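Just so you know, these numbers come straight off a predicted model, no measurement behind them.
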Amino acid sequence: MSRTTVCAGATLLALVAVLVRMSLGHPGLLGWYAAGWALFAAALWLTRGLPRRELAVLVVAGGLAVTATGLVAPPATSTDSYRYAWDGRVQAAGVSPYDHPPADPALAPLRDGWLFPEECAAPFLSRLPDGGCTRINRPAVHTIYPPLAEGYFLLVHGLSPAEARHKPLQVGGALLSVAVLLCLYRWAGGRAAAAWAWCPAVPVEAVNNAHVDVLGVLLVVLACHTVRGRGALFGAAVAVKLLPAVALPGALSGVLSGVLSRAWRGGTRAEGGGGLRDGTRRVLAVMAPATLVVALAYLPYLLASRGSVVGYLFGYVQEEGYEEPAARDRYGLLRLFLPDAWAPYAAILLLGLAVLHVLRRGDPDRPWAGALLVTGSLLLLFTPGYSWYALLVVALAAMDGRWEWLGVAAAGAVAYLSGPAAPPGTATAAYAAAALAVAACWAVRRSARRSPDLTGTAHA
């Protein structure tokens, strides 16, 4: 065993120790998270040049150990999984999760001492309008989750033993995380799998906090490496969590290249028509099954629900400050240069340009590259305050080998964990550092492609 392998193994052991302390809710959580990210970066760096067999052992064994740290304690930094458990319980009782908020007295018979404790002195509890408290956040509003997420909650509830509480959802998150690891290892190699398996965001958000986003991530990874069922898998990912919709342009990478190239070169009408037909077929091959899967997923809930299946979505958008940027520090990078009122429109415009770039110049054989550009750009432009949104970026960055994008996940963690007590601009500074890292690596790669080699020709 090489010295580098020993050093990498020791670094992973230190990372596991830090992640265990984080799962236990140790004070100074942001500092421990920073230490975890530093150890992750060091371990990833040490994988360079490792023999394939030693790397495989480190990736799998280290990935399982890192994943397991999320199982040692109840959710430490998010209460979303309590809503998941409640929605599963409600559905098992034959009630649509879109019809009643948790605080509705009509669902009082489903309450228990775990989700609705008698004592309200514990942290992270929400008050009920009619008295008492609950672990479920926003108990007075309807659920926000799409239908396949709700189906997942019901499945976990049905497979869980009585009084299992939070653990089945954490185990589900761990199994899904390991599935992503194995897919990445098979299709992208050991270092790509390590970039996912050892990233602190995975055990914290996918396992300990049990965010359903990891199911959407798995579906996107499968979609990127499948041709025949790509559209259906992307549609399923969108029906789990709406965010994977921004990865769809990756599936259409380069779809406009033939049409626009012929138009700009003054090609014949027949050539242009052929390019248009090919592009239309590609779009339909992805978008038609994706749309159908989303529609079919919603159909049972539409038939079973008396109210809207959109739930609290629009209220959430308003609450999170996407309509009033200054309210929650949204559009942080754009607001450094633009008036607050302009920032939402600038974000939409720039995101549209990123999509157009992928559709025009993206590589059809590397759909994950286009998906990474659009998804990462979305998070940098909108600067959300929730770190689990970036789980998709972690997987896409691992596939593409563009590890600089992992900084977006770290920035999301700073934005979430720093909290209101942090100095003003902390989240914006973290996102700015992530954006600068992405820009710097892009400039270096671009310069390397243009620089002449020893024979005087340009690099490809």
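- Between Val202 and Val66 the shortest side-chain heavy-atom distance does not fall below 4.5 Å.
- Checking side-chain atoms of Ser447 against main-chain N and O of Val444 turns up no donor-acceptor pair under 3.5 Å.
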Requested in this report: Please assess Leu378 against Leu243 for the test side chain to side chain contact (heavy atoms under 4.5 Å, CB included), listing each intermediate value before the final yes or no.
Outcome: CA-CA 10 Å; Leu378 173 82; Leu243 180 63; 3.4 Å; yes
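- A perpendicular orientation is assigned to the rings of Tyr145 and Tyr84, their planes being inclined by more than 60° (bins at 30° and 60°).
- Inter-residue side-chain proximity for Leu296 and Leu292 is flagged as met; some heavy-atom pair is nearer than 4.5 Å.
- In this structure, His225 and Trp187 have parallel ring planes: the angle between them is below the 30° cut-off, well short of the 60° mark.
- The two atoms that bring Ala195 and Ala398 nearest to each other are CB-CB, 3.8 Å, heavy atoms only.
- Looking at Arg165 and Arg135, their side chains never come closer than 4.5 Å, going by heavy atoms from C-beta outward.
- In this structure, Arg83 does not pair ionically with Asp80, as no charged nitrogen and carboxylate oxygen lie closer than 4.0 Å.
- Scanning all heavy atoms of the two residues, the minimum distance from Thr4 to Leu46 falls at CG2-O, 3.1 Å.
- The aromatic rings of Trp37 and Tyr33 sit tilted relative to each other, their planes meeting at an angle between 30° and 60°.
- Between the side chain of Thr383 and the main chain of Gly332, a donor-acceptor pair closer than 3.5 Å is present.
- Side-chain contact between Trp196 and Val217 is present, with at least one heavy-atom pair separated by less than 4.5 Å.
- The minimum heavy-atom distance between Glu54 and Ser2, with the atom names listed, is OE1-OG, 3.4 Å.
- For the pair Arg138/Tyr316, a side-chain contact is recorded, criterion being any heavy-atom separation below 4.5 Å from C-beta on.
- The aromatic rings of Trp388 and Tyr416 lie perpendicular to each other, with more than 60° between the two planes, well past the 30° mark.
- One distance of note links CG of Leu184 with CG of Leu396; it measures 9.5 Å at 0.5 Å rounding.
- Trp198 contributes atom CH2, which lies 6.5 Å from atom CG of Leu44 (distance to the nearest 0.5 angstrom).
- Counting only distance, with no hydrogens or angles, the side chain of Tyr331 and the backbone of Tyr322 share a donor-acceptor pair below 3.5 Å.
- Counting only heavy atoms from C-beta outward, the side chains of Leu350 and Leu353 approach each other to under 4.5 Å.
- In this structure, OG on Ser78 lies 7.0 Å from CD on Glu205, to the nearest 0.5 angstrom.
- No donor-acceptor distance shorter than 3.5 angstrom exists from the side chain of Lys167 to the backbone of Ser160, with no hydrogens or angles considered.
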Report task. Kindly indicate, with the supporting measurements, whether the criterion side chain to side chain donor-acceptor pair (under 3.5 Å) is fulfilled by Asp363 and Ser253. Result -> CA-CA 6 Å; Asp363 185 349; Ser253 296; over 6 Å; no
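- Annotation for Ala206 and Ser177: closest pair CB-OG, 3.4 Å, computed over non-hydrogen atoms.
- For OH of Tyr345, the number of neighbouring non-hydrogen atoms (other residues, nucleotides, ligands) closer than 6.0 Å is 12 at most.
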Requested in this report: Kindly determine whether His211 and Lys241 satisfy side chain to side chain contact (heavy atoms under 4.5 Å, CB included), including the steps that lead there.
Outcome: CA-CA 10 Å; His211 282 113; Lys241 200 77 182 279; 5.7 Å; no
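- At least one donor-acceptor pair closer than 3.5 Å links the side chain of Arg335 to the backbone N or O of Arg330.
- Without hydrogens or angle criteria, Ser23 side chain to Leu19 main chain gives a donor-acceptor distance under 3.5 Å.
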Requested in this report: Go through the steps to decide whether Asn137 and Thr79 satisfy the test side chain to side chain donor-acceptor pair (under 3.5 Å), and finish with yes or no.
Outcome: CA-CA 6 Å; Asn137 58 48; Thr79 57; 2.8 Å; yes
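- Of all heavy-atom pairs spanning Val286 and Ala251, the tightest one is CG1-CB, 4.0 Å.
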Query - Stepwise side chain to side chain contact (heavy atoms under 4.5 Å, CB included) check, Leu222 with Cys183 - result: CA-CA 8 Å; Leu222 293 173; Cys183 289; 3.8 Å; yes
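- Nearest heavy-atom pair across Ala409 and Val394 is CB-CG2, 3.7 Å.
- Remark: Leu351 CG to Leu379 CG distance equals 10.0 Å, nearest 0.5 Å.
- In terms of modelled atom types and a separation under 3.5 Å, the side chain of Gln170 and the main chain of Asn208 share a donor-acceptor contact.
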Requested in this report: Take Ser257 and Arg360 through the test side chain to side chain donor-acceptor pair (under 3.5 Å) and record every step on the way to the result.
Outcome: CA-CA 5 Å; Ser257 60; Arg360 171 70 179 89; 5.1 Å; no
Requested in this report: Could you go through the side chain to side chain contact (heavy atoms under 4.5 Å, CB included) check for Arg402 and Trp442 one step at a time?
Outcome: CA-CA 9 Å; Arg402 302 297 176 96; Trp442 172 82; 5.9 Å; no
Requested in this report: Tell me, with the steps shown, if Phe153 and Trp86 meet ring pair (Phe, Tyr, Trp, His ring centres under 6.0 Å).
Outcome: CA-CA 9 Å; Phe153 305 154; Trp86 174 253; over 10 Å; no
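- The distance from atom CG of Leu55 to atom CZ of Arg53, rounded to the nearest 0.5 Å, is 12.5 Å.
- Taking CZ of Arg230 as the reference point, atom CG of Leu252 lies at 9.5 Å (rounded to 0.5 Å).
- Between Trp342 and Leu334, the closest side-chain pair of non-hydrogen atoms is not below 4.5 Å.
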Report task. Go through the steps to decide whether Thr77 and Asn209 satisfy the test side chain to side chain donor-acceptor pair (under 3.5 Å), and finish with yes or no. Result -> CA-CA 7 Å; Thr77 57; Asn209 291 326; 2.8 Å; yes
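- Between Tyr82 and Trp114, the ring planes are perpendicular. Angles over 60° get that label, and only those under 30° would be called parallel.
- Proximity of a side-chain donor or acceptor of Arg282 to a complementary backbone N or O of Gly279 within less than 3.5 Å is not detected.
- Contact annotation: the side chain of Phe234 never approaches that of Pro367 to less than 4.5 Å [non-hydrogen atoms, C-beta and beyond].
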